[in-house]
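To start, the structure under review is shown below, and the notes come after it.
All values reported here derive from a predicted model rather than from experimental measurement. The figures here come from the full heavy-atom set of this structure, side chains too, leaving out hydrogens, waters and symmetry mates.
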Amino acid sequence: MQLLPGFRDFYPEDCARRNYTLSIWREVAARYGFLEYDGPVLEPIELYKKKSGGELVGQLFDFVDKGERHVALRPEMTPSLARMVAARERDYKKPLKWFCAPSFFRYEKQQRGRLREFLQLNCDILGDASPAADAELLALVIDTLRAFGLGAQDFVVRLSDRDAWMQFALGKGVAQERLLDFLGVVDKLERLPEAESRRKLAEFGVELEAVRSFIADPSAEAAKLQGILADLKARGLAEFVEVDLTIVRGLAYYTGLVFEVFDRGGKERALAGGGRYDGLLELMSDGKVKMPALGFGMGDVVLANLLEEVPAAKARRDTWLAARRAAEVYVVVAEETRRLEALGVVQALRGAGWRTDYALTAAKVGKQFQAAETLGAQFAVVVGAEWPQLKVKQLATREEHLLSPEGLPETLRTLSLAPTPEPPLT
Ligand code: HAM
């Protein structure tokens, strides 16, 4: 039986890496005061047809359920979040700062950086229309990537503005109801052959040259975003952002500021993308709830590719993984006649919180030490000829101690090398 294309098995080493990503995502979001939430994996297909729009609608994993409902696996979080917040808007103080990091599903062609099931960190601020909220969210996306050991030489946040593009298009005579289709063409400009872009733009009566010269001069936009840029500069984050009008985003609901994050090498697809969607809650609540909002989504797939490529980031991840080794203590049953005593030692260690392992069946002492090394254990506790004493070996230094089983968990704590600290922000 083969895996479906675009889906992944998570063997323990893959799970450990996934946990690394999730733990950094959660930790940085918490540092910024964001609260975790979640929603359903399955939603009515209408939610995405009406609210996400763009190419996402063609990428839905959808089916009709046994109750004749046409449903889709969630391809993104934003419409569900808007629904949830609009429904209980009065229960929460504004602004709401919420995050989630579950799995999403898109029926895309499997390629580098794109799968059919992926994790996505979503961070959103709802109920605040100020540029301060824009800057706060941008700082969060930057600090999240920095916490992985990535720096300004590794990634860049490209800022743009849907509003500016709408004005441009209206100025060129693009009809209001065709604006989103027009933005869809601009969104793909870098990915399509020139002749095709030219032909598609001509359908809207717009020349490629006009689009190019609009993109070439972002000075008016930079002036408009000045407040946000000054805010980021005050935080020492100016070098992580640049104004770049090639960004328009593929989803329907964005209204103002939009951005995408790319690797500086330009080898990968976008690491993250987001922006303002000030009209979505109103749309979701039939006009009842008006609430400005903005947010971003960051996928795990492109991020994992980049972590492999940046040595400092890879080293940081590997240090984290090593610190969470499978066992801290390995109890070596040197004499089978002492197995029951050994089990008592194992139980006491585990009860005190030590990650402890041992051989389930008789094995040579050398083999057991090998297992201890493989598991990355700090201590081997030998139950054998020395009983009622224990020979304890610190595997890194080869130092040996003769210790009593009484109070062993506490004694080990005093002998233990300092635990590896969490990686700080660079
Ligand atoms: P998005 O640009 O569609 O935005 O996705 C954000 C990120 O999710 C992408 O930059 C990429 O890293 C990852 N991603 C998307 N599709 C795939 C895929 N098929 N395989 C792997 N990774 C993928 C949104 O989804 C918006 N809802 C984000 C948002 C939140 N806007 C406001 N709040």
Side-chain angles (χ1 to χ4, degrees), residues 9-28 30-31 36 147-149 307 313-425:
D9 285 328
F10 285 88
Y11 288 89
E13 60 275 24
D14 307 313
C15 255
R17 287 185 184 162
R18 181 171 70 177
N19 287 341
Y20 172 64
T21 301
L22 287 169
S23 85
I24 297 232
W25 281 352
R26 292 203 164 102
E27 191 202 314
V28 183
R31 272 187 226 167
E36 189 162 1
F148 284 96
L307 296 188
K314 190 170 191 251
R316 178 174 292 205
R317 183 198 64 195
D318 292 345
T319 305
W320 189 95
L321 294 173
R324 276 147 197 82
R325 51 204 155 206
E328 297 166 303
V329 186
Y330 198 93
V331 174
V332 175
V333 188
E335 289 178 0
E336 268 309 306
T337 51
R338 295 279 173 219
R339 182 162 280 272
L340 297 181
E341 287 84 345
L343 289 175
V345 173
V346 167
Q347 190 67 10
L349 285 166
R350 286 178 175 167
W354 285 98
R355 290 201 296 271
T356 308
D357 216 337
Y358 68 102
L360 286 174
T361 51
K364 291 209 170 98
V365 170
K367 274 251 159 68
Q368 295 185 58
F369 268 96
Q370 251 174 31
E373 299 273 0
T374 310
L375 290 171
Q378 217 187 119
F379 298 104
V381 173
V382 183
V383 185
E386 298 81 6
W387 189 264
Q389 295 283 83
L390 299 163
K391 196 167 76 184
V392 175
K393 193 163 174 176
Q394 267 178 301
L395 293 170
T397 58
R398 308 270 144 204
E399 239 173 277
E400 286 189 4
H401 312 266
L402 211 55
L403 301 175
S404 155
E406 299 292 307
L408 179 70
E410 292 71 35
T411 318
L412 289 191
R413 214 146 264 144
T414 62
L415 291 173
S416 176
L417 304 168
T420 318
E422 288 297 319
L425 282 174

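Closest approach of V331 and Y358 over heavy atoms only: O-CB, 3.4 Å. For the pair L402 and E386, the tightest heavy-atom approach, listed with the atom from each and the gap, is CD1-CG, 3.8 Å. Taking both residues in full, the closest heavy atoms of V365 and A334 are given as CG2-CA, 3.7 Å, listed atom of the first, atom of the second, then distance. Taking each heavy atom of L390 and S404 in turn, the nearest pair found is CD1-C, 4.4 Å. Across every non-hydrogen atom of E341 and V383, the tightest pair is CB-CG1, 4.3 Å. Nearest heavy-atom pair across A147 and Y20 is O-OH, 4.4 Å.
In this structure, H401 NE2 and K393 NZ are separated by 11.5 Å, a value rounded to the nearest 0.5 Å. Here the CG-CG distance, from D14 to N19, works out to 11.0 Å after rounding to the nearest 0.5 Å. For the atom pair E399 CD and L415 CG, the distance stands at 8.0 Å (nearest 0.5 Å).
With sequence neighbours excluded, the residues that form a side chain to side chain contact (heavy atoms under 4.5 Å, CB included) with E36 are R26, F99. Partners of R317 by side chain to side chain donor-acceptor pair (under 3.5 Å), not counting sequence neighbours, listed by chain and number: E308.
Using a 4.0 Å cut-off between charged nitrogen and carboxylate oxygen, E328 and R413 do not count as a salt-bridge pair. R31 has a carboxylate O that lies under 4.0 Å from a charged side-chain N of E27, or vice versa, which qualifies the two as a salt bridge.
Within the cation-pi definition used here (under 6.0 Å to the ring centroid, within 45° of the axis), R324 qualifies as a partner of W320.
Among V345, T356, L403, V332, the one residue that satisfies the side chain to side chain contact (heavy atoms under 4.5 Å, CB included) test with V381 is V345.
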